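From a predicted model like this one, the values you see are computed outputs, not experimental measurements.
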Amino acid sequence: MTIDTEIKYILSLQAVRERAQRVFQLAEANQINHFEYHEDRFDAAVQYVANIIKHFEVGGTPRIKDLLSQWEAAGYDKDEQARSLVDLFFVSVLLDAGAGDKWRFTELGSNAVIGRSEGIAVATLHMFNNGEFALPDYLKSRADDSNRLDFEILWETLQSVLLPIWPSSRTQIDGHPVGDAWPLKVLADDAQKADRQSKCSHIQPFHKLTQWLAYSLMVPFERLLGVEWKNAEIATGLPEYRNGGLFVDLGVLTLKKESLQRGLANSGSALPAFEATSDEIVEWRALTVALLDKLHLALRGTELGKEKLSLAQVLESGSWKAGRELAAENRPETKSSPILILGDGTLF
């Protein structure tokens with residue numbers, strides 16, 4: 001099926017970064033609707049994350065290493081180990097989206113309607129049986145003679161597999177699902193002022209969980225199949241509540257008065273709350289994407305510069321962990337985000 005050029009752009013990682021950077025530019029000029037950006041507090045956030053990375057140690061049980069040892073003892077070759085890890089990562093990332101209490105899967109044949117995580121499990125099983133997870137064989141066939149593979153191929157493959165399972169109630173353009181991409185008023189206003197309105201000019205894409213899955217799937221291809229990834233830098237930071245919470249807890253971003261009051265009224269508690277697809281949350285997520293790029297660049301100017309950390313490494317060992325530690329310190333009873341997100345689990 002041929003996809004409209006503008007829709008194809010919204011599905012791309014280029015659009016995630018470019019639209020988020022535009023929102024950040026407007027934030028620097030104090031021209032966004034819900035947040036204020038405090039540049040004077042950004043350097044302290046950079047140092048906080050740098051300190052987290054310097055002290056980062058991966059603890060606990062080496063479960064994946066143990067699992068690979070078991071598979072090797074059972075006679076699995078590297079290809080089969082890679083296939084199995086793809087299955088594992090694919091399912092675990094999807095399950096972590098959370099089904100919520102409204103999502104349902106209707107099983108073809110039995111017409112059984114199954115909810116929550118059980119529904120995701122059954123849906124995933126059907127995808128597996130239909131060959132949707134035959135990614136290692138397909139992607140290996142797309143590698144060049146030097147066993148180099150373009151990240152764009154992985155991205156387009158994952159998008160084609162995952163887009164059809166988005167609920168019809170979510171954002172669609174010309175009847176086409178666009179995944180984790182949402183209307184944002186500041187982009188609509190910006191397009192109108194510049195007289196460049198179009199059917200997608202108001203949409204801010206993220207594709208967070210699909211990106212998380214892509215980051216995860218890179219690992220077995222590198223370590224088991226010896227694949228070298230090209231253009232992996234097109235992937236962006238992940239706009240989720242730990243990364244976003246980092247910048248709120250450290251005061252880099254603060255809610256404007258009216259938005260804060262509206263959020264507190266929504267929650268009836270000490271923390272503001274908004275629907276997952278609200279303009280406030282979409283704006284926050286866009287700022288998070290841009291700030292993670294800015295953080296990644298700023299860390300090169302610290303003592304960590306010699307490490308030449310990738311954005312994925314900054315996310316794993318720095319920003320996400322920093323957000324979690326700040327949440328535990330500031331809200332020890334709940335360890336929640338500083339801004340609560342109200343959702344039904346179908347946003348990924």
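Relative orientation of the F151 and Y215 rings is tilted, given thresholds of 30° and 60° on the angle between their planes.
T334 and R331 are not linked by any side-chain donor-acceptor pair at a separation below 3.5 angstrom, with hydrogens and angles left out of the test.
Here the side chains of E228 and S146 are not in contact, with every heavy-atom distance at 4.5 Å or above. Residues V186 and V23 are in side-chain contact: their nearest non-hydrogen atoms beyond the backbone lie under 4.5 Å apart. By the 4.5 Å heavy-atom criterion applied to side chains, E283 and L184 are counted as neighbours. For the pair F247 and K294, the minimum side-chain heavy-atom distance is 4.5 Å or more. Between L315 and W212, every side-chain heavy-atom pair lies at or beyond the 4.5 Å cut-off. L342 places none of its side-chain heavy atoms less than 4.5 Å from the side chain of I281. Within the 4.5 Å cutoff, no side-chain heavy atoms of L139 are placed close to those of V227. N30 has its side chain within reach of K256: a pair of non-hydrogen atoms, C-beta onward, lies under 4.5 Å apart.
Every residue two or more places apart in sequence or in another chain that forms a side chain to side chain contact (heavy atoms under 4.5 Å, CB included) with L297 is listed here: R300. Taking W155 as the reference, H207 meet the ring pair (Phe, Tyr, Trp, His ring centres under 6.0 Å) condition, with sequence neighbours excluded. Partners of N330 under the side-chain hydrogen bond (donor to acceptor under 3.5 Å, both in side chains) rule, at least two apart in sequence or in another chain, are D249. Partners of R17 by side chain to side chain contact (heavy atoms under 4.5 Å, CB included), not counting sequence neighbours, listed by chain and number: Q21, T236, D293, L311. Under the side chain to side chain contact (heavy atoms under 4.5 Å, CB included) criterion, D150 pairs with E152, I153, K230, N231, sequence neighbours left out. With sequence neighbours excluded, no residue satisfies side-chain hydrogen bond (donor to acceptor under 3.5 Å, both in side chains) with S168. Considering only residues two or more places apart in sequence or on other chains, K8 meets the salt bridge (Lys or Arg N to Asp or Glu O under 4.0 Å) condition with none of them. For the side-chain hydrogen bond (donor to acceptor under 3.5 Å, both in side chains) test, no residue two or more places apart in sequence or in another chain qualifies with T288. Shown here are the salt bridge (Lys or Arg N to Asp or Glu O under 4.0 Å) partners of E275, two or more places apart in sequence or in another chain: there are none. In terms of the ring pair (Phe, Tyr, Trp, His ring centres under 6.0 Å) criterion, residue partners of F24 (sequence neighbours excluded) are, by chain and number, Y37.
Looking only at distances, a side-chain donor or acceptor of H296 sits under 3.5 Å from a matching main-chain atom of L309. Not a single donor-acceptor pair under 3.5 Å links the side chain of S201 to the backbone N or O of A191. Of the possible polar contacts, one joining the N51 side chain to the Q47 backbone as a donor-acceptor pair under 3.5 Å is found. Judged purely by atom type and a 3.5 angstrom limit, S160 uses its side chain to pair as donor or acceptor with the backbone of T157. Without hydrogens or angle criteria, K306 side chain to E303 main chain gives a donor-acceptor distance under 3.5 Å.
Across every non-hydrogen atom of M218 and A232, the tightest pair is CE-CB, 3.7 Å. The minimum heavy-atom distance between T302 and A50, with the atom names listed, is OG1-CB, 4.5 Å. For P272 against S267, the heavy-atom pair with the smallest separation is CA-OG, 4.3 Å. Between G179 and L163, the shortest heavy-atom distance links the atoms N-CD2, 3.5 Å. Minimum heavy-atom separation, A273 to N266: O-ND2, 2.9 Å. I52 approaches G318 most closely through the heavy-atom pair CG2-O, 3.8 Å.
Residue L13 is grouped with residue L11 when hydrophobic side chains (ILVMFWY) are merged at heavy-atom distances under 4.5 angstrom, including chains of intermediate members. Using a 4.5 Å cut-off between side-chain heavy atoms of Ile, Leu, Val, Met, Phe, Trp and Tyr, with links allowed through other members, L264 and F274 fall into the same hydrophobic cluster. Under the 4.5 Å side-chain heavy-atom criterion for grouping Ile, Leu, Val, Met, Phe, Trp and Tyr, Y9 is connected to V16 within one hydrophobic cluster. No continuous path of hydrophobic side-chain contacts links L291 to W320 [ILVMFWY only; heavy atoms under 4.5 Å]. Clustering ILVMFWY residues whenever any of their side-chain heavy atoms sit less than 4.5 angstrom apart, transitively, puts L340 in a cluster other than the one holding Y241.
Cluster partners of V219: none. The rule joins Ile, Leu, Val, Met, Phe, Trp and Tyr whenever side-chain heavy atoms lie under 4.5 Å apart, and it links nothing here.
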Does W182 form a side chain to side chain contact (heavy atoms under 4.5 Å, CB included) with D279? I'd like the steps, not just the answer. CA-CA 9 Å; W182 313 96; D279 206 62; over 6 Å; no

Is there a side chain to side chain donor-acceptor pair (under 3.5 Å) between D77 and Q81 once you walk through the steps? CA-CA 6 Å; D77 61 19; Q81 290 178 41; over 6 Å; no

Evaluate salt bridge (Lys or Arg N to Asp or Glu O under 4.0 Å) for R22 paired with E18, printing each intermediate quantity in order. CA-CA 6 Å; R22 180 54 184 159; E18 289 180 350; over 6 Å; no

For W284 and V248: C-alpha separation, side-chain torsions, deciding distance, then whether side chain to side chain contact (heavy atoms under 4.5 Å, CB included) applies. CA-CA 9 Å; W284 181 29; V248 174; 3.4 Å; yes

Any chance you could lay out the side chain to side chain contact (heavy atoms under 4.5 Å, CB included) test for R223 and K78, step after step, and finish with the verdict? CA-CA 9 Å; R223 297 184 183 178; K78 296 296 185 184; over 6 Å; no

Show your working on side chain to side chain donor-acceptor pair (under 3.5 Å) between D4 and H176 and close with a plain yes or no. CA-CA 9 Å; D4 177 274; H176 194 289; over 6 Å; no

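Surrounding CD of E258 are at most 12 heavy atoms belonging to other residues, nucleotides or ligands under 6.0 Å away.
In this structure, CG in L260 is found 9.0 Å from OG1 in T254, a value given to the nearest 0.5 Å. Note that CG of L253 is 10.0 Å distant from CZ of F42, once rounded to the nearest 0.5 Å. Taking CD of E240 as the start and OG of S319 as the end, the distance is 7.5 Å to the nearest 0.5 Å. Annotation: the span from Q31 atom CD to N33 atom CG amounts to 10.5 Å, rounded to 0.5 Å. The line from CD1 of I203 to CD1 of I173 is 4.5 Å long, rounded to the nearest 0.5 Å. Between F221 atom CZ and L149 atom CG the span is 7.0 Å, to the nearest 0.5 Å.
A salt bridge between K185 and D190 is absent, with no side-chain N of the basic residue lying under 4.0 Å from a carboxylate O of the acidic one.
Listed by first then second residue, pairs satisfying salt bridge (charged side-chain N to carboxylate O under 4.0 Å, His left out) with a partner in residues 28-43 number zero, not counting sequence neighbours.
The side-chain contact (heavy atoms from CB on, under 4.5 Å) test with D180 is passed by exactly one of R285, Q204, R170, Q211: R285.
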